[in-house]
Amino acid sequence: MTNNPLKVEPISPALGAEVKNINLQAELSVIDAKTLNDAFLKYQVLIFRDQRLEPNDLVRIGRYFGSIARYPFVKGMKDHPDVIEVIKKEDESINFGGLWHTDTSYLTCPPKASLLYAKLVPPVGGDTLFASMYSAYESLSLGLKKTLSQLNGINHSTKSAAASTRVNRIKDNPGAPTNITMQASHPIVRTHPETDRKALYCSNAHTEKIEGMSVLESQPLLHYLYEQQQMEEHTFRLRWENHTLAIWDNRCTQHNAINDYQGFRREMLRVTLAGDQPY
Ligand code: SIN
């Protein structure tokens with residue numbers, strides 16, 4: 001830490017920035033909090049390195065960006081109900097969030113943002129990929145944008161690929177609700193409520209079909225969109241270190257936790273921020 005002014009350095013053209021010269025253990029000035037919120041809206045994912053944080057710090061930091069919400073399938077920590085542990089143990093093979101998704105888009109009001117803090121990362125691997133859904137949307141033709149503007153996607157909590165990534169964490173959480181299914185219809189192209197920019201809002205993890213069509217009929221178009229969402233030019237790769245904090249905007253990004261560290265433990269803490277109904 002230095003007394004230099006806070007600095008925001010972009011990581012890739014599509015999204016992502018690293019914030020330097022900041023100590024998140026301390027209360028932020030009004031000016032720094034505003035700078036961070038502006039940077040969050042512009043870069044969509046912010047990374048803070050070398051921050052010594054406790055669960056209650058994560059909740060406090062989250063409140064600079066919004067109000068706290070809870071993840072529906074995993075109970076929070078005993079003394080910190082707003083914080084969930086995202087752990088992959090040495091002997092587990094499946095990781096939480098190991099596929100492209102935006103968080104819990106099967107909720108009527110999906111979360112605005114999520115904070116993820118690295119307590120323990122493997123010696124190598126366990127990176128997270130992020131993709132800008134602004135950039136993916138903007139790369140489409142005018143004709144396809146026009147077609148998509150009339151479509152809603154049905155998002156479901158039980159799509160098997162995503163549901164299987166929660167299994168170990170639910171097992172560790174006796175008392176957490178396991179048998180609820182959640183479903184929400186959201187526009188395939190949503191307008192960001194703060195920036196007014198348009199972003200693709202469907203994902204292989206949660207979007208089951210296009211409203212008014214069968215699953216089979218929906219697949220060709222949805223799979224084309226998933227391919228576009230994952231093109232390298234819309235992405236960046238976060239290499240975590242212990243004590244790295246990331247905050248991402250779920251309204252205009254997706255992420256994918258890479259499961260390439262079998263035999264090693266990875267321990268993260270997550271806080272979720274409440275969002276609005278997409279339009
Ligand atoms: C998540 O999807 O919330 C987890 C992402 C990660 O562990 O990198």
Side-chain angles (χ1 to χ4, degrees), residues 62 66-77 81-87 94-116 128 131 133 148 151-193 199-219 221-223 225-226 229 247-257 268-279:
S67 54
I68 307 295
R70 291 197 182 161
Y71 177 72
F73 289 108
V74 177
K75 269 204 336 200
M77 297 171 79
D82 293 325
V83 182
I84 63 165
E85 293 178 290
V86 174
I87 297 177
I94 299 171
N95 68 333
F96 180 87
L99 76 177
W100 280 107
H101 66 286
T102 177
D103 289 332
T104 52
S105 55
Y106 42 78
L107 298 177
T108 306
C109 293
K112 163 181 174 162
S114 305
L115 288 83
L116 194 68
T128 304
M133 294 302 107
L148 295 178
L151 301 179
N152 274 14
I154 304 294
N155 300 278
H156 218 290
S157 62
T158 55
K159 265 196 95 180
S160 63
S164 66
T165 76
R166 299 179 207 122
V167 165
N168 289 321
R169 297 292 61 79
I170 288 173
K171 191 169 62 155
D172 279 355
N173 269 262
T178 54
N179 55 357
I180 36 171
T181 60
M182 284 167 265
Q183 178 182 307
S185 170
H186 295 309
I188 298 253
V189 177
R190 72 179 289 183
T191 304
H192 194 290
L200 275 179
Y201 197 69
C202 56
S203 78
N204 201 9
H206 303 315
T207 310
E208 188 186 33
K209 59 179 195 150
I210 295 167
E211 193 172 316
M213 296 189 196
S214 70
V215 171
L216 217 57
E217 287 168 336
S218 309
Q219 269 169 1
L221 178 52
L222 288 177
H223 283 151
L225 296 177
Y226 303 152
Q229 289 171 332
I247 172 165
W248 60 82
D249 190 333
N250 280 304
R251 301 164 295 184
C252 56
T253 67
Q254 290 194 19
H255 56 284
N256 179 358
M268 319 289 276
L269 297 178
R270 198 180 103 167
V271 169
T272 308
L273 301 186
D276 305 320
Q277 184 161 4
Y279 56 87

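All values reported here derive from a predicted model rather than from experimental measurement.
- Side chains of Gln254 and Ser203: no donor on one and acceptor on the other come within 3.5 Å.
- For the pair Leu99/Asn204, no side-chain contact is recorded, criterion being any heavy-atom separation below 4.5 Å from C-beta on.
- Taking Lys112 as the reference, Glu194 meet the salt bridge (Lys or Arg N to Asp or Glu O under 4.0 Å) condition, with sequence neighbours excluded.
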request  = Could you go through the side chain to side chain contact (heavy atoms under 4.5 Å, CB included) check for Met268 and Ile87 one step at a time?
outcome  = CA-CA 6 Å; Met268 319 289 276; Ile87 297 177; over 6 Å; no
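- A distance of 9.0 Å separates CG of Asn95 from OG1 of Thr128, quoted to the nearest 0.5 Å.
- Distance check: Lys159 NZ to His206 NE2 gives 9.5 Å after rounding to the nearest 0.5 Å.
- Atom OH of Tyr106 is separated from atom NE2 of His186 by 11.0 Å, given to the nearest 0.5 angstrom.
- Looking at heavy atoms from C-beta onward, Met213 lies out of side-chain contact with Leu221 at the 4.5 angstrom threshold.
- Ser218 contributes no side-chain N or O that, together with a main-chain N or O of Lys209, makes up a donor-acceptor pair within less than 3.5 Å.
- Pro111 is not listed as a side-chain neighbour of Leu273, based on a closest heavy-atom distance of 4.5 Å or more.
- Using a 4.5 Å heavy-atom threshold, the side chains of Leu222 and Thr207 count as touching.
- Looking at every heavy atom in both residues, Leu225 comes nearest to Cys202 through CD1-SG, 4.0 Å.
- Across Ile188, Ile154, Val215, a single residue satisfies side chain to side chain contact (heavy atoms under 4.5 Å, CB included) together with Ile210, and that is Ile188.
- A 4.5 Å side-chain heavy-atom check between Asp103 and Arg270 finds at least one atom pair inside the cut-off.
- In this structure, the separation between OG on Ser185 and CD on Glu208 is 11.5 Å, given to the nearest 0.5 Å.
- Here the OG1 atom belonging to Thr253 is positioned 8.0 Å from the CH2 atom belonging to Trp248, to the nearest 0.5 angstrom.
- The minimum heavy-atom distance linking Gly275 with Cys109 is given by the pair O-CB, 3.5 Å.
- Considering CZ of Arg251 and CE of Met133, their distance stands at 15.0 Å, rounded to 0.5 Å.
- Annotation: side chain of Leu269 is in contact with side chain of Glu85 (closest heavy-atom distance under 4.5 Å).
- For the pair Val86/Val74, no side-chain contact is recorded, criterion being any heavy-atom separation below 4.5 Å from C-beta on.
- Inter-residue side-chain proximity for Pro72 and Thr104 is flagged as met; some heavy-atom pair is nearer than 4.5 Å.
- A distance of 6.0 Å or more separates the ring centres of Phe73 and Phe96.
- Summarising the geometry of Pro278 relative to Pro110, their closest heavy-atom pair is CD-CD, 3.5 Å, with the distance given to 0.1 Å.
- Between His101 and His255, the distance separating the two ring centers is shorter than 6.0 angstrom.
- Of all non-hydrogen atoms in Tyr201 and Asn250, the two that sit nearest each other are CE1-O, 3.7 Å.
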